[in-house]
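See structure below.
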Amino acid sequence: MIDEFAKDNLHRRLRRDREALLWKLDGLSEYDARRPLTATGTNLLGLVKHVAGVEARYFGEVFDRPSPEPLPRWQDHDGSDLWATEDETRDQIIESYRCTWEHSDATINELPLDAPGHVPWWSEPCPNTNLFAVMVHVLSETIRHTGHADILREGLDGRTGLRAEHEQRIDEEARAAYCTKIEQAAGSAASVKALKLPHVT
């Protein structure tokens, strides 16, 4: 009973955050969906492509259920899963992610939580694992990258949130007042800290 409860909860959270990640692309221009938005090149479409690859590997080859989506050997990883080339369309990447969901969901639905898996890219003594550990890992990766996407999207046009139906109208004046309040608190805390530091003569 507890195994089914745990599996259902993890799976439900995974499905929720997959959709949230895709929503971060909603309404963006081709350029904004692809362009680097951090000093390390992080970009929205690349995050979707990367998370699709993560799912395909973990719910595929880890359980000897190869993904129908073509993947390079994990040994050959070169960072190309973190951005979209000019030949890859947004629709192709989204469709690939959705196809991966189907394959992942089949693995999750058909195997028990203690089903053994092997992750060759995990160092000893961790490569031998099970579905529960992999579900937690993939959910953590998805949440982490969805958080990245949320911040990137907020920086582009101020839109935030998990789902369109919960999105609220942006109140620029209220946001500015809120940020001013936080800025003032940060400045005050820094001033107090500076006053308490011993002076070196």
Side-chain angles (χ1 to χ4, degrees), residues 10-11 13-62 67 69-104 119-123 126 133-168 170 172 175-176 178-179 182-183 186:
L10 290 170
H11 201 179
R13 289 293 301 269
L14 178 59
R15 289 192 295 262
R16 184 197 72 174
D17 288 298
R18 287 166 172 167
E19 294 286 358
L21 178 57
L22 279 189
W23 182 51
K24 296 305 166 184
L25 295 173
D26 183 58
L28 284 181
S29 69
E30 206 60 46
Y31 177 64
D32 282 340
R34 296 165 176 268
R35 68 186 175 101
L37 296 167
T38 70
T40 56
T42 308
N43 61 95
L44 285 161
L45 194 55
L47 287 174
V48 172
K49 183 179 175 183
H50 172 69
V51 173
V54 167
E55 270 211 35
R57 262 190 220 294
Y58 278 97
F59 292 120
E61 58 193 90
V62 165
S67 168
E69 293 297 303
L71 292 169
R73 297 186 325 145
W74 65 266
Q75 298 95 326
D76 299 332
H77 180 265
D78 60 1
S80 59
D81 65 323
L82 295 167
W83 58 282
T85 69
E86 59 270 27
D87 298 324
E88 294 175 302
T89 71
R90 185 189 324 205
D91 287 346
Q92 284 172 337
I93 290 173
I94 290 172
E95 181 59 25
S96 173
Y97 191 23
R98 289 191 181 278
C99 286
T100 294
W101 296 358
E102 292 180 16
H103 187 261
S104 299
V119 187
W121 51 91
W122 285 1
S123 57
C126 301
V134 167
M135 287 185 74
V136 170
H137 180 78
V138 172
L139 177 60
S140 298
E141 281 286 300
T142 305
I143 291 171
R144 177 172 176 255
H145 292 308
T146 300
H148 292 156
D150 201 31
I151 295 297
L152 295 183
R153 184 61 191 259
E154 182 179 348
L156 283 171
D157 59 11
R159 291 179 68 181
T160 61
L162 279 174
R163 295 190 290 277
E165 60 266 30
H166 293 159
E167 189 175 19
Q168 298 180 353
I170 297 172
E172 298 289 357
R175 282 189 175 182
Y178 181 65
C179 287
I182 297 171
E183 178 68 33

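Nothing fancy with the numbering, it's 1 onward along the sequence. Note that this is a predicted model, so its numbers are computed, not measured.
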Sidechain N-carboxylate O distance under 4.0 Å for Arg98, Glu19: yes

Side chains of [X] and [Y]: closer than 4.5 Å at any heavy-atom pair?
X	Y	answer
Tyr97	Leu21	yes
Arg13	Ile143	yes
Leu71	Arg57	yes
His50	Glu141	yes
Arg35	Asn43	no
Tyr178	Glu183	no
Asp157	Asp32	no
Leu82	Lys49	no

Within 6.0 Å of CH2 in Trp83, more than 12 heavy atoms from elsewhere: no

Do you know the tightest heavy-atom contact between [X] and [Y]?
X	Y	answer
His103	Ser67	CE1-CA, 3.8 Å
Arg34	Arg90	NH2-N, 3.7 Å
Leu25	Ala33	CD2-CB, 4.1 Å
Asp150	Gly161	OD1-N, 3.5 Å

Ser80 versus Asp78, side-chain donor and acceptor atoms under 3.5 Å: yes

With sequence neighbours excluded, residues passing side chain to side chain contact (heavy atoms under 4.5 Å, CB included) with Leu14: Arg18, Glu55, Phe59, Ile108, Val138, Leu139, Thr142

Expected output: side-chain Ser96 to main-chain Gln92 donor-acceptor under 3.5 Å: no

Expected output: side-chain Glu88 to main-chain Thr85 donor-acceptor under 3.5 Å: yes

